[in-house]
Amino acid sequence: MSNPTIKEEALEYHKFPKAGKIEIRTTKSFKNKKDLSLAYTPGVAYACEEIKNNPQDAFLYTAKRNLVAVISNGTAVLGLGNIGALASKPVMEGKAVLFKEFAKVDAFDIEVNENDIDRFCEIVKAISPTFGGVNLEDIKAPECFAIEERLAEELDIPVMHDDQHGTAIITTAALINASEILNIKFEDMKIVIIGAGAAAIASANMYKELGVTNIVMFDSKGVLNKKRDDLNRYKKAFISDCQDMNEAFKDANMVLGLSKPNSFTKEHLALMSEEPIVFTLANPTPELFPEDVKSVRPNAIIATGRSDFNNQVNNVLGFPFIFRGALDVQALKINMSMKLAAANAIATLAKEPITDEIREIFGELEFGKEYIIPTPFDKRLMVEVSSAVAKSAFESGLTRVKNYNHEEYKESLRRSINI
């Protein structure tokens with residue numbers, strides 16, 4: 001955060017030509033007396049009566065069907081930590097921009113000045129009728145687990161904490177393709193996870209769904225094992241018999257770094273398999289830079305969280321399109337099946353020939369160690385990921401929409417982005 005030029009540019013960007021990054025615009029004609037009578041009194045009363053008689057008609061007559069709440073209390077913001085609700089607002093506005101620009105989803109950012117789990121949940125539940133979905137954002141662990149679980153259970157609209165599941169979905173997609181390239185079965189893999197926060201635990205849960213059984217996890221105090229008496233219930237699910245980091249890295253097939261720079265070393269990588277999967281996702285400075293990884297394991301498959309290296313793990317590959325699909329079938333939940341559908345769709349898209357538009361931006365890209373996940377600018381993500389999520393939701397019986405045609409929906413998505 002020390003670059004003065006970027007700081008000045010960023011502050012100018014946020015300040016001018018008007019403060020902030022989002023605004024509200026009307027979607028209907030509003031030019032004359034008749035428009036006024038339809039938009040407000042007396043015409044609006046008819047829409048209100050329809051919704052009173054049938055609450056599901058809110059999806060027909062209001063913006064609810066395409067509106068997501070981006071909600072945070074600012075307790076775990078980006079790399080900034082617990083900066084509070086108000087200071088988190090630029091990030092939440094930015095998330096709303098990503099929803100709109102990548103998936104044509106409208107979003108309101110809502111910053112809630114409340115850290116108590118019960119009160120936070122009550123606030124979100126109270127305002128939930130406004131929205132078709134809730135994207136929880138930048139809430140610290142372990143509170144984020146309890147908040148998401150409770151809201152997902154008690155609300156009838158999809159709820160997802162992106163800091164958990166966004167990273168989990170993208171790294172799962174990357175793992176699917178990396179394991180294919182290396183011809184390793186999930187059940188034969190040993191995975192080390194450095195970090196035990198929201199994203200780490202969600203990622204580990206998804207890897208278990210793939211069939212991975214040998215996972216060793218570390219938090220800031222060390223390995224999660226049977227000697228520890230300070231673990232919450234989420235960490236206890238990943239207790240292993242491992243005693244230390246050297247033992248964990250011995251012959252490991254993958255390391256997932258979700259911690260801080262130098263939380264593991266080149267010496268640890270030297271203990272891994274000859275062709276390891278190394279995801280160093282600390283941002284902006286990864287645990288180890290790709291050149292450090294390659295100096296020890298030149299055949300490694302490497303991903304980072306940065307845009308200036310190959311294989312960027314970026315949550316924008318997932319969350320806009322997951323909510324796009326969930327909103328379009330009026331999903332009640334986002335379940336594991338939908339998350340896995342998203343991960344598989346992302347993984348599959350990386351194997352497709354790139355478009356001319358992507359080639360102009362990034363040059364030639366071809367599926368392999370240097371390209372295991374698509375770029376965020378691949379417009380086909382909206383078609384493939386959104387339709388996969390919508391189909392999974394429908395097949396899970398979690399939608400209000402009762403008639404779903406998969407190919408027709410995919411074609412409508414293609415038309416919406418002109419491909």
Side-chain angles (χ1 to χ4, degrees), residues 56-70 95-96 98-107 128 131-136 148 151-152 155-162 164-166 168-170 172-173 176 202 206 209 315-352 373-374 376 378-419:
Q56 303 311 315
D57 280 354
F59 290 96
L60 292 177
Y61 298 116
T62 77
K64 179 183 177 79
R65 68 177 299 139
N66 193 50
L67 187 60
V68 167
V70 177
K95 197 66 178 273
L98 298 181
F99 267 113
K100 187 67 174 181
E101 293 298 322
F102 281 99
K104 303 183 185 298
V105 172
D106 296 319
S128 65
F131 303 99
V134 172
N135 181 101
L136 299 169
E148 186 196 46
L151 291 174
L155 295 180
D156 63 352
I157 55 176
V159 176
M160 189 174 84
H161 183 217
D162 183 52
Q164 293 179 58
H165 305 295
I169 289 164
I170 310 310
T172 296
I176 289 169
M206 284 200 75
E209 291 289 328
N315 285 13
V316 81
L317 289 167
F319 73 84
F321 316 112
I322 292 167
F323 273 97
R324 174 76 281 150
L327 289 169
D328 287 342
V329 291
Q330 297 171 30
L332 305 173
K333 309 285 180 189
I334 293 176
N335 64 6
M336 180 59 77
S337 174
M338 295 160 70
K339 296 169 198 170
L340 286 170
N344 278 295
I346 293 167
T348 299
L349 183 57
K351 301 172 190 176
E352 295 293 321
I373 44 177
D378 194 326
K379 291 182 178 180
R380 297 171 297 179
L381 284 161
M382 188 158 105
V383 177
E384 301 304 328
V385 179
S386 300
S387 65
V389 169
K391 181 180 180 182
S392 178
F394 183 77
E395 291 176 346
S396 298
L398 293 175
T399 64
R400 292 182 179 85
V401 170
K402 299 307 177 186
N403 296 306
Y404 173 77
N405 185 299
H406 188 61
E407 291 306 319
E408 287 182 2
Y409 178 54
K410 288 186 74 171
E411 183 57 34
S412 71
L413 291 171
R414 291 188 190 99
R415 289 195 302 271
S416 72
I417 54 176
N418 298 316
I419 64 171

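Residue indices begin at 1 and follow the sequence shown.
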Which donor-acceptor pairs under 3.5 Å do side chains of residues 412-419 form with protein atoms, sequence neighbours excluded?
| residue | atom | partner | partner atom | Å |
| --- | --- | --- | --- | --- |
| Ser412 | OG | Tyr409 | O | 2.6 |
| Arg414 | NH1 | Glu411 | OE1 | 3.3 |
| Ser416 | OG | Leu413 | O | 2.6 |

Please table the atom pairs, donor to acceptor, closer than 3.5 Å between any side-chain atom in residues 336-348 and protein atoms at least two apart or in another chain.
| residue | atom | partner | partner atom | Å |
| --- | --- | --- | --- | --- |
| Ser337 | OG | Ser392 | OG | 2.7 |
| Lys339 | NZ | His165 | ND1 | 3.4 |
| Asn344 | ND2 | Leu340 | O | 3.0 |
| Thr348 | OG1 | Asn344 | O | 2.8 |

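By the side-chain hydrogen bond (donor to acceptor under 3.5 Å, both in side chains) test, Lys379 pairs with no residue at all, sequence neighbours left out. For Phe131, the ring-ring contact (aromatic ring centres under 6.0 Å, His included) criterion is met by no residue, not counting sequence neighbours. Looking at residues two or more places apart in sequence or on another chain, you find a ring-ring contact (aromatic ring centres under 6.0 Å, His included) between Phe394 and Tyr404. With sequence neighbours excluded, the residues satisfying salt bridge (charged side-chain N to carboxylate O under 4.0 Å, His left out) with Arg380 are Asp378. Take Asp57 and apply the salt bridge (charged side-chain N to carboxylate O under 4.0 Å, His left out) test, not counting sequence neighbours, and it matches no residue. In this structure, the side-chain contact (heavy atoms from CB on, under 4.5 Å) partners of Glu407, at least two apart in sequence or on a different chain, are Asn405, Lys410. Taking the ring-ring contact (aromatic ring centres under 6.0 Å, His included) definition, one finds that Phe323 meets it with Phe99, sequence neighbours left out. With sequence neighbours excluded, the residues forming a side-chain contact (heavy atoms from CB on, under 4.5 Å) with Lys100 are Asp106, listed by chain and number. Partners of Lys104 by salt bridge (charged side-chain N to carboxylate O under 4.0 Å, His left out), not counting sequence neighbours: none found.
Counting only residues at least two apart or on different chains, the salt bridge (charged side-chain N to carboxylate O under 4.0 Å, His left out) pairs with a member in residues 315-338 are Arg324-Asp328.
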List the steps, then state whether side-chain contact (heavy atoms from CB on, under 4.5 Å) holds for Leu332 with Arg400. CA-CA 7 Å; Leu332 305 173; Arg400 292 182 179 85; 3.5 Å; yes

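Remark: side-chain polar atoms of Ser387 are paired, donor with acceptor, to backbone N or O of Glu384 under 3.5 angstrom. Under the 3.5 Å distance criterion, the side-chain polar atoms of Ser386 are matched with a main-chain donor or acceptor of Phe321.
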